[in-house]
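Accompanying notes for the structure given below.
Numbered from 1 within each chain, the chains take letters A, B, ... in sequence-line order.
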Amino acid sequence: MDIPSKYAPEQVENKWYDYWMKHGFFRSVPDGREPYTIVIPPPNVTGVLHMGHMLNNTIQDVLVRRARMTGKNACWVPGTDHASIATEARVVAKLAQEGVKKSDLTREQFLEHAWDWTHKHGGIILEQLKKLGASCDWERTCFTMDDARSESVIKAFVDLYKKGLVYRGVRMVNWDPAAKTALSDEEVNYKEQQGKLYYLRYNIAPPSPPEGGGVRNTHDGYGYLTANAINYGLLKEHAQNMRKFSTVAESALWEMLRGKNLDEKFRRQHIIGDVIVDFVSLRHKLVIEVDGGYHNDPEIQKADKIRTEYLESHGYSVVRFTNEEVLENPDEVLGRIKERLAAPPSPPERGGVRNTHDEHGYLTANALNNEQILEKSDNAERGWLRTSPPSGGLGGAVIVATTRPETILGDTAVCINPNDPKTAHLKGKRVIVPIANREVPIIEDEYVDMEFGTGCLKVTPAHDVNDYMLGEKYNLESIDIFNDDGTLNKHGLQYEGMDRFEVRKQIEQDLIAAGLMEKVEPYVNNVGFSERTDVPIEPKLSMQWFLKMGEMAKPAFDAVMEDDVMFHPAKFKNTYRHWMENIKDWCISRQLWWGHRIPAYYLPEGGYVVAETPEKALAAAREKSGNPALRLQDLRQDDDCLDTWFSSWLWPLSVFDGINNPDNDEIKYYYPTNDLVTAPEIIFFWVARMIMAGYEYRNQRCFRNVYFTGIVRDKLGRKMSKSLGNSPDPIVLMNQYSADGVRMGMLLCSAAGNDILFDESQVEQGRNFCNKIWNAFRLVKGWESDARTAQPESSKTAILWFGNRLHSAIAEVNDHFEKFRISDALMTIYKLIWDDFCSWYLEIIKPAYQQPIDVQTLEATTDFFDRLMRLLHPFMPFLTEEIWQWLRQRKEGESIMVSDMPAVESFDNEILRKFDYVTEVIVAIRTQRAQRNILNKEAIELFIKKSNETQPSPFDSVIAKLCNISKIEYLDTKPENCIPFIVRSTEFFIPISKSVNKAEEIEKLTKELEYTKGFLTSVMQKLNNERFVNNAPEKVLESERKKKTDAEARILVIEEQIKALKS
RNA sequence: GGGAGCAUAGCUCAGCUGGUUCAGAGCAUCUGCCUUACAAGCAGAGGGCCGGCGGUUCGAAUCCGUCUGCUCCCACCA
């Protein structure tokens, strides 16, 4: 027999995967055994394997292989998903590269291209799974758009329609203008975008100018006065630096205000009336301003003075700091703030209140010298920096903040909060929409946040979800200003035909020119992006198909809450509950061609019918219209497709044809499935809906357990993604570290539900483990047995011990599996093999170099190895098969993957404990050897002080073997010329020729003594505490008493040794 | 804004209904070894106010408050 000196994973992996396939070990057909079923979460048919798949499918394979080895009829159904949006987007892109536009093709032509694409790129991922060792029943491979699955989808749709659960309705949907399709909420990613907040002027109609006119006090985005008060050019010149300085100092101050116990909460960047202040305590009416670094500038000082007066007139006191003060003397700054907080501000010196504002919030001439303002205003460079109100709206205007000024064309109201005193004067009035020049009402609703912007909200029911709800509530008109591709339609007036983002730029200019732009602030907001095309989504009213969720959700909700369907880890129950309690109807239509076309057929005279086939539709249409002459070509089928998830949610049913043939043998046998392994990201998309489908169609759960894996991240915690380039190619990894190594690397760091911080060192560890096992195998296989060789007592003892150890480990592994603690199960096996088997067991039984081994020991060892391989097989299928095949003579058709998982047997804990003690003794001897420079080659003698506790035992032979001890002797007296050492409370002695440094030994022992005495004291304290003795359970008391006697014995021994050394 | 969760060794994490699994594991680190299976290895070692502060208790990493910091989910404040 010729064993390669290196484990060659690639050949081994291919060899055994072919072997398994050839013998049909993955195949499952219903029989008398208990079934164990997993359906794969179908990956995108044209996708390639990434680390998430690796993790997910490794776990599934582990579960399936283990089930197969424990006598179950294990069935793992593979398949792929048509992924309508992603695939269609890719086909469109590919066609575009060839200069073909989708709009130039008919539906049939396009689908032909899509199928070509699918056949060309499809299924690669399944081939990659084979490399991983996935033991799927490949004969069952399904595709969400193959005939049986398509039929299931259509059948389900028609069925749900007939039950009244599918309906058609106008709804606000997430519109993807690039793909021209509606998206579900789950397909929208919100990203922070640096945008602008535009403050627009909606003039009140009819305008009523305030008496004496008014002067506007305008601020820039940082809270500084603009040209109304000071030279604009100066501001502009310094604006860059001001921002920078104020940000650093402000941030520092903000940290201070939050970090110190000031007995008060500060708000940051708060708006008081017209002024944005840096920090404010509303309770103490204290404003803190941090200067932008130009406090010596007279113009700035002037501006600050105006601001201060303004704030003080509103009852605020203002503390002003410079950047330098904040950054260099934070304590002093804090002190001053505390001081101000302690003493409430006194009223302004002059007393009295000046009426500095008119009813619309404009500064009046009282606020400052009017002439001065007018003079300064000549320097204003922009239209919006005007000092007088625009024509037509003298003072009578509402300022509305928006991030999307282009949507004003669809405005049909302005909304205020009825409880807001700031806007109370607007109640019942009407305003003029800028540009569009339409009059719209001011409505009142508590939805409006009084603190945000100006407390006024423009309402665009057609283009904002919340506005849509307001529109419903107050019966507002909806004006849809967009075409499907995101350009403006005829309601866009002069902007018709332009793209939405172009319009935004243009309308900004036009508003400024018209004097209707109050100000523009930089603003960070969340914008929804299409998951597939990555363009900003557009909330849009549109006619869509929906599936009612309310009734369906109930059994699915209960099933999870009552643990009929169990989530691992259970914390995801919370997430699930929250979603299910607030579930909304499911928009199931998509404006795509690649997918299952909605089987709704429109009649020429209006109305529609829903049917499984065009023929059935025709019959239904004839009946509905009362027109028997109706022909098939008179009917027009709905152009939309169904959401991809509308086929996936049937997956556990449809792969066994349970929708089309609910009574077939397969579905009856395999359903409900056992475990589902998936990512928590799709708990709503997929898991929840599958559970619903299960109850809807079989009134039964669709799986027992859901195991949620984590998201695979890189070492730095970033999600792995193509764009970051931080995702290793799994295939390359497998080539480098072997499939088994990668499988192990993935599992080692994957506690259920925790994200996985993937690091290549983990797969390296996996590879090293393969190598370790391979070498252990080479050792064992290299031994020659000889019937004449007697079995050493050490070997006999080791076999006794390891047998027990093995079973205690199997019990542990079983326990871990029951709790879905897969990485813990693997770790248990890892330690069992590396530490217990290789480092201890094999070292004990290893015969001297080139000496034969006795028959019994070799047999027992081979048997142990066999069992270890079976135990490990689900995790590392290839290596274990290779070794298992080598271990004994196997027949063609035998395989470890269809062998039996070692069952747990009872084990003797006493033996395990005894061995633990032995290992302590051995470690102590090794330490002594190392310290005294006694080489391992050099055999030594060992003396043990005789006592009640220490009797000669078979384990002595193990100590002798591993420590190269020539003789173990039990003595009543202390031997001469020996190094003493203590394990627990037993004294050991090693003879030594060299002299011992007594002082050093005494010092070591004295330290040890002190520690033990301290330990005893703490134990005694407990035992002398009456309340402890009275309240603690007997078990605890007992252990404390044992600690006491052990410590006392140990102290005695140490003291004796010290005495001996001193004599 | 609403909800959930996390904080334990340098890193990744265990630690269940308070007490022998109570301060742990793996990796990493350090020291000494090329000892004929394995240097991808062997033999040893060090390392922690269990996030802070209170409380309950005879006893708290564990239970309860609270503060701080982080993460995720939902909502999408214009």
Side-chain angles (χ1 to χ4, degrees), chain A residues 3 5-7 185 188 190 197-198 258-259 261 400-404 407 415 447-449 451-454 456-460 464-467 523 525-528 539 569 571-579 581-582 680-681 683-684 711 715 717 737 741 748-751 753-759 761-762 764-765 767-783 819 821 823-824 827-828 830-831 838-839 842-843 846 848-850 922-923 926-927 929-931 933 935-937 964 1022 1025-1033 1035-1040 1042-1043:
Chain A
I3 305 164
S5 66
K6 281 274 168 206
Y7 173 56
D185 290 346
V188 177
Y190 286 88
L197 189 59
Y198 304 85
R258 284 197 305 174
N261 184 11
V400 175
T402 180
T403 52
R404 302 197 55 195
T407 61
C415 190
Y447 164 73
V448 176
D449 183 351
E451 302 292 320
F452 189 90
T454 55
C456 301
L457 170 73
K458 72 187 212 54
V459 183
T460 320
D464 183 279
V465 180
N466 295 299
D467 292 9
Y523 186 74
N525 67 337
N526 271 336
V527 178
K571 67 177 176 186
F572 288 111
K573 277 167 77 176
N574 287 327
T575 318
Y576 183 81
R577 184 182 61 228
H578 196 253
W579 191 69
E581 281 174 349
N582 299 292
E681 300 163 298
I683 185 166
F684 308 133
I711 297 166
K715 250 202 293 203
Y737 295 100
L748 272 180
C749 54
S750 55
N754 282 351
D755 282 359
I756 286 118
L757 298 191
F758 182 80
D759 185 343
S761 71
Q762 286 148 357
E764 205 176 310
Q765 196 185 345
R767 178 201 55 186
N768 293 355
F769 187 44
C770 290
N771 201 43
K772 182 71 182 178
I773 297 170
W774 186 252
N775 279 308
F777 164 67
R778 279 177 56 219
L779 174 71
V780 171
K781 211 57 206 168
W783 288 334
K819 294 170 182 155
R821 311 173 71 123
S823 76
D824 289 338
M827 184 50 72
T828 300
Y830 176 78
K831 287 194 277 192
C838 292
S839 296
L842 289 181
E843 291 300 331
K846 187 155 94 178
Y849 183 52
Q850 287 191 332
I922 292 168
V923 167
R926 282 172 176 164
T927 306
R929 272 183 176 273
Q931 281 176 2
N933 282 323
L935 293 177
N936 261 335
K937 287 177 195 158
N964 197 9
K1022 274 194 208 173
N1025 182 339
E1026 219 172 277
R1027 285 192 290 186
F1028 172 75
V1029 178
N1030 290 340
N1031 290 308
K1035 211 177 94 185
V1036 176
L1037 276 175
E1038 201 182 307
S1039 93
E1040 290 300 319
K1042 186 165 181 344
K1043 276 183 197 170

Mind calculating the distance between [atom1] ([X]) and [atom2] ([N]) to the nearest angstrom?
{"X": "A/Asp449", "N": "B/A78", "atom1": "CG", "atom2": "P", "value": "11 Å"}
{"X": "A/Lys571", "N": "B/C6", "atom1": "NZ", "atom2": "C1'", "value": "8 Å"}
{"X": "A/Phe684", "N": "B/C73", "atom1": "CZ", "atom2": "C1'", "value": "6 Å"}
{"X": "A/Arg404", "N": "B/C76", "atom1": "CZ", "atom2": "C1'", "value": "13 Å"}
{"X": "A/Glu581", "N": "B/A75", "atom1": "CD", "atom2": "P", "value": "15 Å"}
{"X": "A/His578", "N": "B/A75", "atom1": "NE2", "atom2": "C1'", "value": "9 Å"}
{"X": "A/Tyr198", "N": "B/A78", "atom1": "OH", "atom2": "C1'", "value": "14 Å"}
{"X": "A/Asn582", "N": "B/C73", "atom1": "CG", "atom2": "P", "value": "17 Å"}

Would you indicate what [X] reaches in the nucleic acid, counting non-hydrogen atoms under 4.0 angstrom: base, sugar-phosphate, or nothing?
{"X": "A/Asp464", "value": "sugar-phosphate"}
{"X": "A/Ala401", "value": "base"}
{"X": "A/Val400", "value": "nothing"}

Using the [atom1] atom on both, measure [N] against [M] and round to a whole Å.
{"N": "B/A61", "M": "B/G24", "atom1": "P", "value": "13 Å"}
{"N": "B/C16", "M": "B/C63", "atom1": "C1'", "value": "14 Å"}
{"N": "B/U8", "M": "B/C50", "atom1": "C1'", "value": "4 Å"}
{"N": "B/C67", "M": "B/G3", "atom1": "P", "value": "14 Å"}
{"N": "B/G46", "M": "B/U29", "atom1": "C1'", "value": "9 Å"}
{"N": "B/C22", "M": "B/A39", "atom1": "C1'", "value": "36 Å"}
{"N": "B/G47", "M": "B/C30", "atom1": "P", "value": "16 Å"}
{"N": "B/C6", "M": "B/A14", "atom1": "C1'", "value": "15 Å"}

Would you classify B/U20 as syn or anti? Syn applies when the glycosidic angle is within 90° of 0.
-> syn
Among side-chain atoms of A/Lys573 and A/Thr575, is any donor-acceptor pair under 3.5 angstrom?
-> no
Distance-only side-chain donor-acceptor flag, A/Arg1027 / A/Asn1030, under 3.5 Å | no
Looking only at non-hydrogen atoms, find the nearest pair between [X] and [Y] and report the distance.
{"X": "A/Val448", "Y": "A/Cys415", "value": "CG2-SG, 3.5 Å"}
{"X": "A/Val400", "Y": "A/Leu457", "value": "CG1-C, 4.1 Å"}
{"X": "A/Asp464", "Y": "A/Asp467", "value": "OD1-N, 3.1 Å"}
{"X": "A/Lys458", "Y": "A/Arg404", "value": "CE-O, 3.9 Å"}
{"X": "A/Gly741", "Y": "A/Cys770", "value": "N-SG, 4.0 Å"}

Close side-chain approach of [X] and [Y], heavy atoms under 4.5 Å:
{"X": "A/Thr402", "Y": "A/Leu197", "value": "no"}
{"X": "A/Val1036", "Y": "A/Phe1028", "value": "yes"}
{"X": "A/Ile683", "Y": "A/Tyr576", "value": "yes"}
{"X": "A/Trp579", "Y": "A/Asn582", "value": "no"}

Hey, is the side chain of [X] poking within less than 4.0 Å of OP1 or OP2 on [N], counting only N and O atoms?
{"X": "A/Arg821", "N": "B/G15", "answer": "yes"}
{"X": "A/Asn768", "N": "B/G41", "answer": "yes"}
{"X": "A/Arg926", "N": "B/G44", "answer": "yes"}

N/O-N/O pairs, protein side and nucleotides 58-62 of chain B side, under 3.5 Å:
residue : atom : partner   : partner atom : Å
B/C58   : O2'  : A/Asn1025 : ND2          : 3.1

Can you tell me how far the OG1 atom of A/Thr927 sits from the CD1 atom of A/Ile922, to the nearest 0.5 Å?
-> 11.5 Å
Given pairs defined as Watson-Crick or G-U wobble with both distances under 3.5 Å, what dot-bracket annotation applies to RNA chain B, with ( ) intrastrand, [ ] crossing, | other strand and . unpaired?
-> (((((((..((((.....[....)))).(((((.......))))).....(((((..]....))))))))))))....
Those residues that, when tested against A/Gln765, pass side chain to side chain donor-acceptor pair (under 3.5 Å) (two or more places apart) = A/Tyr830
With sequence neighbours excluded, tell me which residues meet side chain to side chain donor-acceptor pair (under 3.5 Å) with A/Arg767.
-> none
Could you list the protein-to-nucleotides 34-39 of chain B atom pairs, N/O on both sides, closer than 3.5 Å?
residue : atom : partner  : partner atom : Å
B/U36   : O2   : A/Tyr849 : OH           : 3.2
B/U36   : N3   : A/Tyr849 : OH           : 3.3
B/A37   : O2'  : A/Asn775 : OD1          : 2.9
B/A37   : O2'  : A/Arg778 : NH1          : 3.3
B/A37   : N6   : A/Glu843 : OE2          : 2.9
B/A37   : N3   : A/Asn775 : O            : 3.1
B/A37   : N3   : A/Ala776 : N            : 3.3
B/C38   : O4'  : A/Asn775 : OD1          : 3.3
B/C38   : O4'  : A/Asn775 : ND2          : 3.3
B/C38   : O2'  : A/Asn775 : ND2          : 3.3
B/C38   : O2   : A/Lys772 : NZ           : 2.9
B/C38   : N3   : A/Lys772 : NZ           : 3.0

Might you confirm whether atom CD of A/Glu581 has over 12 heavy atoms from other residues, nucleotides or ligands at distances under 6.0 Å?
-> yes
How do A/Leu197 and A/Ser1039 order along RNA chain B: which one's closest nucleotide is nearer the 5' end?
-> A/Ser1039
Worked check of side-chain contact (heavy atoms from CB on, under 4.5 Å) between A/Arg929 and A/Asn964 | CA-CA 11 Å; A/Arg929 272 183 176 273; A/Asn964 197 9; 3.6 Å; yes
Just the table, please: protein N/O against nucleotides 23-29 of chain B N/O, every pair under 3.5 Å.
residue : atom : partner  : partner atom : Å
B/A25   : O2'  : A/Lys831 : NZ           : 3.2
B/G26   : O2'  : A/Gln765 : NE2          : 3.0
B/C27   : OP1  : A/Tyr830 : OH           : 3.2

